[in-house]
Structure formats: C-alpha cells, structure tokens
Trainee: 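To start, I am sharing the structure in question, which I have written as structure tokens.
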Protein chains: 2
Amino acid sequence: MATCRFAFAVHVLTVLAQHKTRCSSSASLARTVNTNPVVIRRLLVDLQNAGLIRTLRGPQGGAVLAKRPEKISLRQVHSAVESPELFGRHPNPPSKECPVGQKIESVLGYVESRAARSLSRELQAISLADIVRRVQRT
Amino acid sequence: MATCRFAFAVHVLTVLAQHKTRCSSSASLARTVNTNPVVIRRLLVDLQNAGLIRTLRGPQGGAVLAKRPEKISLRQVHSAVESPELFGRHPNPPSKECPVGQKIESVLGYVESRAARSLSRELQAISLADIVRRVQRT
DNA sequence: TTGATTTGTAATAAATACAGTTACATATTA
DNA sequence: TAATATGTAACTGTATTTATTACAAATCAA
C-alpha cells in the first residue's frame, strides 16, 4: 500500500467527529491535512459510498459523520479508501514448466487471504472514538 | 506495499526448498519466476542478509537454503524483502494549527504498530514447509 | 431569480517508485 | 586460464499517486 488515503481518511473523520453535526468543507479539511481540496473531495466520495459520512452541497455545505464514532471501525475506513491487496503479486505469469511456478500463485492467494483477515480483525477492534480519545489526550 | 518482492521471495525459496542442497542459479530462478536474473540477485542479497539462504559464486554456484524449511517463517521472509510500512502517511506535514493535525501522526503510528504486529503474528504462523506442502498437493 | 458557495468530476501535470535491462567488476572452480 | 556465477552501478520505461486547474451541477439565502 503506497497510498496515504487511509491516513487522510482517519484524519478527516477525526475532525468530523469533533465537529459533530456541523459541516466541514473540503477546503477547511484540506487545510488541516495540508493537501488540495480535490484530494479531500475524492476521499469524501468513497467515505460516503461506504456510508460513513454524508455530504451537502451549497453554502454551509460540506461533510458530516453519518454514524456515531463508536460505530465506525478503522476496518470500515480502510476498506472504503484503500485497495484490499496487502502485497504485490507476480507481474508476469510464472513459468508453467516449473511445478512451483504452476501453483505458487494460488498458494500466495491463500497467504494473502490469511494476512488480510488478520489485519482486518485488528483494524476492526479500533474505533473512530478510540482515535478521537487518543488525539485528545496525547 | 505495491511491490512483488515478497511474492518473488516466497516463490524462490519454495524452489530452493525442493532443490535441497543443490545450488540454483539466478538465471534458472529468473526463468521460473519469469523476470530478469538481476531482479532475483537483488532479492537473494536481502534473503542472504536475513540468514535465510547462502549464495556461492562461480561454476555450480547459486543459492541454497541456509535453514530447514520448517525453520523459515513467512514473517522472516517478509521482513527481509519488504518495507515494514503497511500504509502510507501524510506526505506533507499536517497543520499544526488544527488540534487534530498536531497529534494525528503519532496516533497513526500507534495504529500502524498494532496492524504490523497483527500481520507479523499471522505470517509467523506460516512456514516455508507449509508453502512447499501446499504447492505439492494443490 | 440571482449570486455566492460547495460538491462532483474530468483532464492533466509532476513526482516517485519499481521492475526490468545492460554492463561490468569480482569471485570461484576446474 | 577460461568459464561461470554473483554483486552492483547506472539507466530506462512504465505505472501509480498526489496535486492542480477548470468547470458543471446543486443548494441556499437575500
């Protein structure tokens, strides 16, 4: 995972959690994250599709949380904004002449699914409320 | 992690495990992985530094396992050839004016360390011997 | 209804990272 | 000494990603 979308998303959602029902515009979110508003808006689209936020257009528009922070897990956030792949696979198909080459891809699939499940479980155990608490008391 | 180095490493080590004490050249390994020998040699350097294989130069040279497949875990393989970072962080430092911006980076460090530990534990539970067994019987 | 504000999205630029490649020095064996 | 193999530097091509510009679509308030 070479992207910072998960980091951005956690940051943005933490701000929204503190603003409660008040809308935050992509411009103001971009300022705290230190990026471009369009980058934030693209993120908001994915978070909205995952049901974590709602957005409103027009004056006083912006984003608000769609659920209580206790009900949002980092697993949901991660799966909303990042690719599920944990590590890259063979870019060119391995040799079918070699017995290992023939079967390694499916075995790597097994490894990846175990790794993904484990990561998932861990992220599921961390809620946005936990993050807010840590940001406040750190 | 956008790289395929872990996939390549598992593939290569599986071949070495089957060849036991016979050396495999980077050229022959590159053929089964379907890549360039230099890519393999760069990988072998890292695997050697991690103590998982030994390499020999000259005729009949190449790579052999340095330990029994039961003693090599995918955690060792992963940490030998991939960056430990599980997800990207803020490319530009977040705003210090925003209370969330001030502290989000350290909180994300906590999240990442939990995620990394969880992934580590899962990969530690899979040995190269397990992979060889699955390749053979699949 | 108009003007201001904000999201949604397309198109593109710029930077970065990675696999792949060529070339060659170094080491080892027979 | 000739052949073979690793180790490594340098470079290329490509893909990915963040950032940016521009603008249409929606919303609200006066």
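Please read all numbers here as calculations on a predicted model, not as lab measurements. Order of the sequence lines fixes the chain letters, A, B, ..., with proteins taken first and strands second; residue numbering starts at 1 for each chain.
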Trainee: Pick the closest DNA chain D nucleotide for B:Pro91 and for B:Ala63 by heavy atoms, then say which residue is nearer the 5' end.
Mentor: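 Between the two, 5'-proximity favours B:Ala63.
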Trainee: Which residues satisfy the side chain to side chain donor-acceptor pair (under 3.5 Å) test with A:Ser79, sequence neighbours excluded?
Mentor: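 Applying side chain to side chain donor-acceptor pair (under 3.5 Å) to A:Ser79 gives none.
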Trainee: Who pairs with A:Arg41 by salt bridge (charged side-chain N to carboxylate O under 4.0 Å, His left out), at least two apart in sequence or on another chain?
Mentor: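 Salt bridge (charged side-chain N to carboxylate O under 4.0 Å, His left out) list for A:Arg41, sorted by chain: empty.
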Trainee: For the pair made of CD1 in A:Ile53 and P in C:dT7, what is the distance, rounded to whole Å?
Mentor: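 Distance check: A:Ile53 CD1 to C:dT7 P gives 10 Å.
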Trainee: Which nucleotide wins on minimum distance to the side chain of A:Asn36, given the candidates D:dT20, D:dT18, D:dG7?
Mentor: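 In terms of side-chain proximity for A:Asn36, the closest of D:dT20, D:dT18, D:dG7 is D:dT20.
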Trainee: B:Arg5 CZ to C:dA17 C1': how many Å, rounded?
Mentor: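 Rounded to the whole Å, the gap is 13 Å.
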Trainee: If I take atom CG in residue B:Asn92 and atom P in nucleotide D:dT18, what distance separates them, rounded to the nearest angstrom?
Mentor: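 Value for this atom pair: 11 Å.
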Trainee: Could you tell me how far apart B:Arg89 (CZ) and D:dT17 (P) are, to the nearest whole angstrom?
Mentor: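 It is 18 Å, rounded to the nearest whole Å.
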Trainee: Please identify each residue that fulfils side chain to side chain donor-acceptor pair (under 3.5 Å) with A:Ser73, with sequence neighbours left out.
Mentor: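 A:Ser73 satisfies side chain to side chain donor-acceptor pair (under 3.5 Å) with no residue once adjacent residues are dropped.
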Trainee: Give a yes or no on this: more than 12 heavy atoms of other residues, nucleotides or ligands lie within 6.0 Å of atom NZ of B:Lys71.
Mentor: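 Result for NZ/B:Lys71: open.
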Trainee: Set out, line by line, the N/O atom pairs under 3.5 Å between protein and nucleotides 26-30 of chain C.
Mentor:
unit_1: C:dT26; atom_1: O2; unit_2: B:Arg57; atom_2: NH1; d: 2.7
unit_1: C:dA27; atom_1: O4'; unit_2: B:Arg57; atom_2: NH1; d: 2.7

Trainee: Separation of B:Leu44 atom CG from D:dG7 atom P, in whole Å?
Mentor: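 Spelled out: CG on B:Leu44 to P on D:dG7 is 7 Å.
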Trainee: Sort me out a list of protein N/O and nucleotides 8-16 of chain D N/O pairs below 3.5 Å, or just none if empty.
Mentor:
unit_1: D:dA10; atom_1: N6; unit_2: B:Arg42; atom_2: NH1; d: 3.2

Trainee: My understanding is that only residues two or more places apart in sequence, or in another chain, count here; which of them pass side-chain contact (heavy atoms from CB on, under 4.5 Å) with A:Gln136?
Mentor: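 So A:Gln136 forms a side-chain contact (heavy atoms from CB on, under 4.5 Å) with A:Gln18, A:Val132.
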Trainee: Got a sec, which residues hit side chain to side chain donor-acceptor pair (under 3.5 Å) with A:Gln60, two or more places apart in sequence or on another chain?
Mentor: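 Residues passing side chain to side chain donor-acceptor pair (under 3.5 Å) with A:Gln60: none at all.
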Trainee: Indicate yes or no for a side-chain donor-acceptor contact from B:Glu122 to the backbone of A:Ser118 under 3.5 Å, with no hydrogens or angles considered.
Mentor: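 Pair absent, no side-chain N/O of B:Glu122 close to backbone of A:Ser118.
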Trainee: Is the shortest side-chain N/O distance from B:Thr55 to OP1 or OP2 of D:dG7 below 4.0 Å?
Mentor: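 Result: yes.
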Trainee: Can you list every salt bridge (Lys or Arg N to Asp or Glu O under 4.0 Å) pair that touches residues 16-33 of chain A, not counting sequence neighbours?
Mentor: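 Sorted result for residues 16-33 of chain A: empty, none.
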Trainee: Between atom CG in A:Leu43 and atom P in D:dT18, what is the gap in whole Å?
Mentor: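 Going from CG in A:Leu43 over to P in D:dT18 covers 9 Å.
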Trainee: Listed by chain and number, what are the salt bridge (charged side-chain N to carboxylate O under 4.0 Å, His left out) partners of A:Arg5, not counting sequence neighbours?
Mentor: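 For A:Arg5 the salt bridge (charged side-chain N to carboxylate O under 4.0 Å, His left out) partners, ignoring immediate neighbours, are A:Asp46.
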Trainee: Taking only residues two or more places apart in sequence or in another chain, which ones pass salt bridge (charged side-chain N to carboxylate O under 4.0 Å, His left out) with B:Arg68?
Mentor: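 By the salt bridge (charged side-chain N to carboxylate O under 4.0 Å, His left out) rule, B:Arg68 matches B:Glu70.
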Trainee: Taking only residues two or more places apart in sequence or in another chain, which ones pass salt bridge (charged side-chain N to carboxylate O under 4.0 Å, His left out) with A:Arg89?
Mentor: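 Once residues adjacent in sequence are excluded, the partners of A:Arg89 under the salt bridge (charged side-chain N to carboxylate O under 4.0 Å, His left out) criterion are A:Glu112.
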Trainee: Considering only heavy atoms, which members of residues 22-35 of chain A lie under 4.0 Å from some atom of DNA chain D?
Mentor: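 DNA chain D contact set from residues 22-35 of chain A: A:Thr35.
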